[in-house]
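Numbered from 1 within each chain, the chains take letters A, B, ... in sequence-line order. Because only heavy atoms are used, hydrogens play no part in the values below, and waters and symmetry mates are left out as well, while side chains stay in.
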Number of protein chains: 6
Amino acid sequence: MKLKIHAPALPNIPWQPRPKGNTDLLWRYSKNPVVGRRPLPHVTGIYNSAVVPWKKGFIGVFRTEGMSRVPHLHVGRSPDGLKFTFEPKPIVLTNADPEVTRFEYAYDPRVTLIDGVYYVTWCNGYHGPTIGIAKTTDFVNFEQVENAFLPYNRNGVLFPRKVNGKYLMLSRPSDTGHTPFGDIFTSESPDLVHWGKHRHVLGKGWPWFQGTKIGAGPSPIETSEGWLLIYHAVTGTCNGFVYSISAMLLDLDQPWKVIASANQALLCPEAEYELSGFVPGVCFPVGALCDAATGRLALYYGAADTFTALCFGNVEDIVRFVKENPLQK
Amino acid sequence: MKLKIHAPALPNIPWQPRPKGNTDLLWRYSKNPVVGRRPLPHVTGIYNSAVVPWKKGFIGVFRTEGMSRVPHLHVGRSPDGLKFTFEPKPIVLTNADPEVTRFEYAYDPRVTLIDGVYYVTWCNGYHGPTIGIAKTTDFVNFEQVENAFLPYNRNGVLFPRKVNGKYLMLSRPSDTGHTPFGDIFTSESPDLVHWGKHRHVLGKGWPWFQGTKIGAGPSPIETSEGWLLIYHAVTGTCNGFVYSISAMLLDLDQPWKVIASANQALLCPEAEYELSGFVPGVCFPVGALCDAATGRLALYYGAADTFTALCFGNVEDIVRFVKENPLQK
Amino acid sequence: MKLKIHAPALPNIPWQPRPKGNTDLLWRYSKNPVVGRRPLPHVTGIYNSAVVPWKKGFIGVFRTEGMSRVPHLHVGRSPDGLKFTFEPKPIVLTNADPEVTRFEYAYDPRVTLIDGVYYVTWCNGYHGPTIGIAKTTDFVNFEQVENAFLPYNRNGVLFPRKVNGKYLMLSRPSDTGHTPFGDIFTSESPDLVHWGKHRHVLGKGWPWFQGTKIGAGPSPIETSEGWLLIYHAVTGTCNGFVYSISAMLLDLDQPWKVIASANQALLCPEAEYELSGFVPGVCFPVGALCDAATGRLALYYGAADTFTALCFGNVEDIVRFVKENPLQK
Amino acid sequence: MKLKIHAPALPNIPWQPRPKGNTDLLWRYSKNPVVGRRPLPHVTGIYNSAVVPWKKGFIGVFRTEGMSRVPHLHVGRSPDGLKFTFEPKPIVLTNADPEVTRFEYAYDPRVTLIDGVYYVTWCNGYHGPTIGIAKTTDFVNFEQVENAFLPYNRNGVLFPRKVNGKYLMLSRPSDTGHTPFGDIFTSESPDLVHWGKHRHVLGKGWPWFQGTKIGAGPSPIETSEGWLLIYHAVTGTCNGFVYSISAMLLDLDQPWKVIASANQALLCPEAEYELSGFVPGVCFPVGALCDAATGRLALYYGAADTFTALCFGNVEDIVRFVKENPLQK
Amino acid sequence: MKLKIHAPALPNIPWQPRPKGNTDLLWRYSKNPVVGRRPLPHVTGIYNSAVVPWKKGFIGVFRTEGMSRVPHLHVGRSPDGLKFTFEPKPIVLTNADPEVTRFEYAYDPRVTLIDGVYYVTWCNGYHGPTIGIAKTTDFVNFEQVENAFLPYNRNGVLFPRKVNGKYLMLSRPSDTGHTPFGDIFTSESPDLVHWGKHRHVLGKGWPWFQGTKIGAGPSPIETSEGWLLIYHAVTGTCNGFVYSISAMLLDLDQPWKVIASANQALLCPEAEYELSGFVPGVCFPVGALCDAATGRLALYYGAADTFTALCFGNVEDIVRFVKENPLQK
Amino acid sequence: MKLKIHAPALPNIPWQPRPKGNTDLLWRYSKNPVVGRRPLPHVTGIYNSAVVPWKKGFIGVFRTEGMSRVPHLHVGRSPDGLKFTFEPKPIVLTNADPEVTRFEYAYDPRVTLIDGVYYVTWCNGYHGPTIGIAKTTDFVNFEQVENAFLPYNRNGVLFPRKVNGKYLMLSRPSDTGHTPFGDIFTSESPDLVHWGKHRHVLGKGWPWFQGTKIGAGPSPIETSEGWLLIYHAVTGTCNGFVYSISAMLLDLDQPWKVIASANQALLCPEAEYELSGFVPGVCFPVGALCDAATGRLALYYGAADTFTALCFGNVEDIVRFVKENPLQK
């Protein structure tokens, strides 16, 4: 297999080679977390956040929680993808209809570049959690559009291009609380306002690492073998949920069809900053940078609902691993 | 107030005048239930079903449950709206895409006539409950279209005409089980496939009769005072849920805006066939016939998840009652 | 044993002798329920209510629920304790401090005559259920005093005289919902405002009929053998709670000490009006009339959270039964 | 198919022919319930009980509940299987080891005749529910032997002969309460004391009528087509569990292998005495009489945890129905 | 604002100035925890405990848990408020009535000096958790008085002087377990035995940091702007509760009236000793020392149900912050 | 007391003397954990595992979890009981009946030497958790025999010799999930296939450290004072379960009779590797080495469902402690 990645080269991708002797598919940045405690005054955590290339460096939309624990979205910038500075004020979202911009809470943003426009999708409070969408071209002005779905939903993630002429979004329908179930679906839209043709992609279940729920992580990466979807997988222990990271390959033209899904996690909470924090035992992947030339992957993930951490991998290795270790239904 | 009802006259509407001394807004048909035990061999209940005028009589789509308790949709016919005969086989739904017609279960159908086409909407199993849609012009051939929403949803009800040029649907997002919460929302669609611009209409809560959840009943009735929406309201007792019937008035142009919602139920489970059955304590309104000339209302409701019952009222009386006894938020 | 009852004679007590062949301690009034469906327009139930002698007849405070299902207290009157007429409007409670009379809901009233004043106690909503108290001498003017306890509490029942110079109240601390636990305690007060010296009387548990919770019924009846406390006992089935009626004897001077408590119920839901209604399976004793001269007992109890029913017994028989069939701890 | 039933003829089996027009596999006795309210003084229900032929009539072991709701086992007798008289005192169980006869509660007895000895199995309280076993030859002296299993278990049912030289028992492992799950297993024993070689027979699940749990009913009936096992199937509604009756065929030599299991219930709660009582919505089959000569089946089942009812069927019809309407896994 | 604090000067208050660059309202003692692992042999934790000035140093009542995990109250002493030594035996509580001193468990003590007497209040097991009270003048002899309230209650905290001539206590009514709700109320008493005039102060809810429950911390501090109440606020995550520290200002004369309550926490679990222990994620404030001359505040709080930690602040800063960042209802 | 231990001498037992000043009954190995992170590639944890003497060193069966989190059993070897190497492949279990070796999952193995054969018992998935058994003499070939019990069960532990001529097993019946209850029982078997004579040993409950459930740890150690059973005890906090280690003494001939059970834990989660990991707050004892000559005990326990840790103690000290600090029922 010589994998082709349909994405731009990103030579300045943040990167560390695989440590010697490490056979994991994903390995941690040695200076993790990249966003630590108190990144801003009175802010208790910046995590579950998305980073994209921007000019000569990087930019992103970040879940930011202060001492009230109500999450907001902030813009953050980095010259190298490793050190970030954050806007002290939340993003201002605009729309002519105040019902659209009515704010309850905003968390777990993804950022997807489609045809020159950056689309932010996040879990948006509107009488329950649903998927908010906004677009920007400058990360200064953000126009919010209609929520994609009825509540209750989380982890809405756009594909980086239209498929069959339609926008395509992954999401995980949920309930009103700390949902004990969750499958991944796709929905398509001609206009980013109206959504339909909902399809089931993959359900929670076997094996144990994803026994409770699963949800899409960063925007899928297009490869010659299919869309590579990195996702979070949740298992239930007697002391709560544990979030790990895994991956699946989706059909290029019918992305609701799973070519192969890994039968195990690629990264589990094992580092101190993943095991101890506001919510112990969480590795939550949200943003991925990929250098198509080398296959290098830099994956940003929330750690313990407190920190932003970074791990590395190689897209070709991951694709091969998924195909060679597929889930047997 | 002299109410105008935007609907055809229906002189053959099934009808009984209000019993003497009765001051209720809705009064029961004296020969209830209209569909009793074992309406078909091996069928344990036909209930939560919709009836519409058809030629010189009436037709409908009915939730039919056999001894497996998996609900299906059957066509039923009646010359007078009081005595029904049912097709022994479930409706056959067709679509070129087998993913659309893949059957898990089908229940609680509504039927809405829009521009000469009858649209059936129901709770359709697709990796969880969601809203199925099919159209027919002859009640023989039914073409299923895409599910309106992602799971988990129930009680999808179409408005009887486009509003602002779009199809409009009420629904109640839910979870995977016997959901202990539930608000009413609207969504709009240009094509009955893609849905968006979701708006919150009214939430569960005060007063006690709707403390657990609420959901739309029959298609709203258009009047000069607004859309009259009859809905079910659920309260939780120590021995389970109790479903009553109430009503609200919605703005004609922005139907997600509540003009007034009754501060009490109009009909509560009190009859033996409502209090005893597969699920005790259920009055679940699904189909409404209305004679615009007289304001007469014939409301079909499921009783105890076992029977189909009928009650009567007057649209003008109900609209007046709702306006004079509005919920104080 | 020749029991002495410390109460007035009540020769006009409603009464039916024990049916032939019946060996139960309590037997039902043959024309039950005494308050049936729709005792007032738009009222779905009057139940869990208290009756006391008044002039030549009887009067009482009644839990009254309309179609909103928010319970209120109404005055009802009867010439014979069998046929009742009700005030159409709720009781107006007065107090100089509006925080005291702030209304959320009011249910399950008891009425106790102490030194010429009638005290009403009920479950009063104040940021959760607690015990409201009001006093009246004419059943027209009711002065509400401070809630006896902090939330969350139900079934507050006063003793019919001061004990050791203090008012004494039974109650059942609870939680915010359909509480799955509940023991009976006493508390004492010098002034009906401040309460203390709380003592545990009896807990839920063995045997099964009281496995979930127990709570005081009518005001205790003073006898030469101790206070006779009739109480409700709740067991949990796979389909919800079942409320039965039982009795215990309390020490005259230290009423938190149980002399004997019956090892079984005296009345269980078996009649149709007890098994079918808003909450199936409920016999909830609230008001007791007693003729000290004959030992006759007329016990009013709520049936299925819908009706008011009446049963009869003999105080001496019940006291003997409790002593001869005591709970073995 | 001409079915052969390996059982004695029972010409005096209680019997009513199928009512005209009725196409059900099981039809109710027209004078149900056979054991009604208050079959003994202070006894609130005799139900979930087993009947066997005995001399010229019938005898059985009955779950008997008084006003304490603690269930005991009583012997009952009937000349015709339709009218029963009951011993007023519970069965006395004997064993040299007091740990074996230590009593907590005893319910849902089955009676199985094996090689001339009657074995009673029931749900026996021993630090949780498990399966008690006793033997008798005269229904006067009952020797209790060791509990078959560790807690927590219910619905232990013996096969009417040894299989492969071993006693064989069906059971449904459970938890400590109103268990929301339950599959059927077999276990075998050389001596009725030690049990092993546990095998899974069938699990709860699809279709809805058995979505919550299933458990064996009467002792299996041996036929030329396999063991006919009548079982209870439980579904969960928003207002609790509903218990229906269904049937499956098991392999004669390896009875843990299912030949076919009906894809629907054969009897659902529809009669008033099944829908209203201590636990509404329960048909719980426990004892079966079978006349091998005619295939007639008289099935005793508990109704609403209050009554003992009787229905009739034909073994050959049921076997054919199961084979023709099998569950598709 | 120049705040006046109605309390004695406490020049020897333990103290560290705010670290450079720190803008928090509360900052941690650099040598935390002040009571670490195994402060006594076989003791696994001393935490959630109160410290008061005593002679030239400090004394306190401490929740002490051994390997049985049953909590007891011990006296501890410190010359400087930073290093503590503990009595190896629990406090002996005396009362003539053995029902008052009957011991189940004792935890989360507060100590309040009123008119020269030290009152200890704690969560006292009496058929469920309630508020125990004892008084001492020498920390050697402790006289227990009646429990203040009926169960179920926690976090009973006395005001440091009578208000309107009555003792005043804050508390948080609860249920029998790890209560998922909780509001703060006041109650008043003429004699520390009888309590009444219960008033709701503030409820749980918005914003997220106090979404689950709230409860009073140390005795309120009297200032010219009102009573400063430091309290714990609990939020629910998918992996359990997280306890933070916040503050509100109460009216001096009607302390159940909230002048302002902070819209965020002042201290959240972020230190290793707060995030890891018997219960991860707990900062539970219990004892406050205040130097009225400087406004210095030394706040003792339990960390992770394992340690006693200390943080510092300035009363004037906190009062100002609360007023400038008030909760918007 | 001069205790006699009925076991071989084990002079090469891993050992560290009690640290100075430490008064605990069990003290940790200073280089814990003995099995740390990533003991094999892609393996996230080896824990809850058993070690026995083998030739000149030690061998064991280990719960091994990879990134799928499905647990398997692996053999591990150690020359000194401190450093281990593991087989990279799971143990292959053989049996002629494929139903016996059908694999779902396998965890928490114990190893017991009886009459020259090593018996492995573990929690084996067979339509729910139950107790698997296998035997080996070389730790290469493992013959699986029938599951001991019906589901649902965990923590099956054999005694190291027959008692009264029968194999004897401890176990903890459970439910299908993270069971919130659990008592210890014994069962006996003539042949390791059929089990009976089940006896209750000790239940969960008082005091708090074992309020939720208890379960047997390593195989009991036979002493002149009785069988020493080390067990895990679980308490419930608002943030989940905490597992500690305690001990009890059982009667030599009737091991279901408790001579004395410690009224407290001997080891609680306090080390970082016990408090942080896949499941925080777990010390789970599984394997014990004992040198009968000196009484030295080396106890292997799982830490945080991630690591294998080791602690030391002296059997005589523990036996004395249990007898001197017995649980008062």
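For the pair V279(E) and N239(F), the tightest heavy-atom approach, listed with the atom from each and the gap, is CG1-ND2, 3.6 Å. Between V70(E) and P207(F) the shortest heavy-atom distance is CG2-CB, 3.5 Å. In this structure, R69(E) and W208(F) approach most closely via the heavy-atom pair O-CE3, 3.2 Å. For the pair Q264(F) and H42(E), the tightest heavy-atom approach, listed with the atom from each and the gap, is OE1-ND1, 4.2 Å. What you find for R37(E) and L275(F) is that their closest heavy atoms are NH2-CD1, 3.1 Å.
By number of non-hydrogen pairs under 4.5 angstrom with chain E, the leading residue of Q210(F), E272(F), E270(F), E274(F) is E270(F). Top candidate by heavy-atom pairs under 4.5 Å with chain F, chosen from G66(E), S68(E), G177(E), is S68(E). Of the listed residues P280(E), A304(E), G281(E), G236(E), the one with more heavy-atom pairs under 4.5 angstrom with chain F than any other is P280(E).
In this structure, chain F has a heavy atom under 4.5 Å from the side chain of Y105(E), while its backbone stays farther away. Contacts between T235(F) and chain E at a heavy-atom distance below 4.5 Å involve the side chain alone, from C-beta outward. Proximity to chain E involves both the backbone and the side chain of D24(F), based on heavy atoms less than 4.5 angstrom apart.
Taken to the nearest 0.5 Å, the CE atom of M67(E) stands 8.0 Å off from the CG atom of L26(F). With values rounded to the nearest 0.5 angstrom, E65(E) atom CD is found 9.5 Å from C268(F) atom SG.
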